[in-house]
Amino acid sequence: MKRDYKKEYKATHGTAKGKKDRASRNGARAKLVKVGRVKKGDGKEVDHKNMNPRQNNIKNLRVVSKATNRKKQPKRLK
């Protein structure tokens, strides 16, 4: 089955909530860069333990590999 990227964007990333979530995830990575836990090009990702991208307190963030972070993600809409 071929993915409909326009439909996915319209339903999730293009909404006001999606934009705020993305900005918050970017902020979480910036916070960990600032404290030295990650750096550009290290191949690691910042994971929100409770899966809420708007909770960027240090206790809720951890550094994981790309594979580990992808395993935790919910299934995509079809």
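Nothing fancy with the numbering, it's 1 onward along the sequence. Note that this is a predicted model, so its numbers are computed, not measured. We use all heavy atoms of the structure for the numbers below, so side chains are in, but hydrogens, waters and symmetry mates are not.
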- Item | Check: Arg54 side chain, Arg25 main-chain N or O, donor-acceptor pair, under 3.5 Å | no
Interatomic distance, [X] atom [atom1] to [Y] atom [atom2] [nearest 0.5 angstrom]:
X: Leu32; Y: Arg62; atom1: CG; atom2: CZ; result: 12.5 Å
X: Asp4; Y: Lys10; atom1: CG; atom2: NZ; result: 10.0 Å
X: His13; Y: Thr15; atom1: NE2; atom2: OG1; result: 9.0 Å
X: Lys59; Y: Lys49; atom1: NZ; atom2: NZ; result: 9.5 Å

On a heavy-atom basis, the closest approach of Asn56 and Gly27 is ND2-C, 4.4 Å
Side chains of Arg37 and Val46: does their closest heavy-atom pair fall under 4.5 Å? no
Less than 4.5 Å apart, side chain to side chain, heavy atoms only: is that true for Ser65 and Glu45? no
Between His48 and the options Asn57, Asn69, Asn60, the side chain to side chain contact (heavy atoms under 4.5 Å, CB included) test singles out Asn60
(message) If hydrophobic clusters are built by linking Ile, Leu, Val, Met, Phe, Trp and Tyr wherever their side-chain heavy atoms come under 4.5 Å apart, do Val35 and Val38 end up in the same one?
(response) yes
### Query
Is it true that Val33 and Ile58 fall in one hydrophobic cluster, defined by side-chain heavy atoms closer than 4.5 Å?
yes
### Query
Quick check: are there more than 12 heavy atoms from other residues, nucleotides or ligands sitting under 6.0 Å from NZ of Lys72?
yes
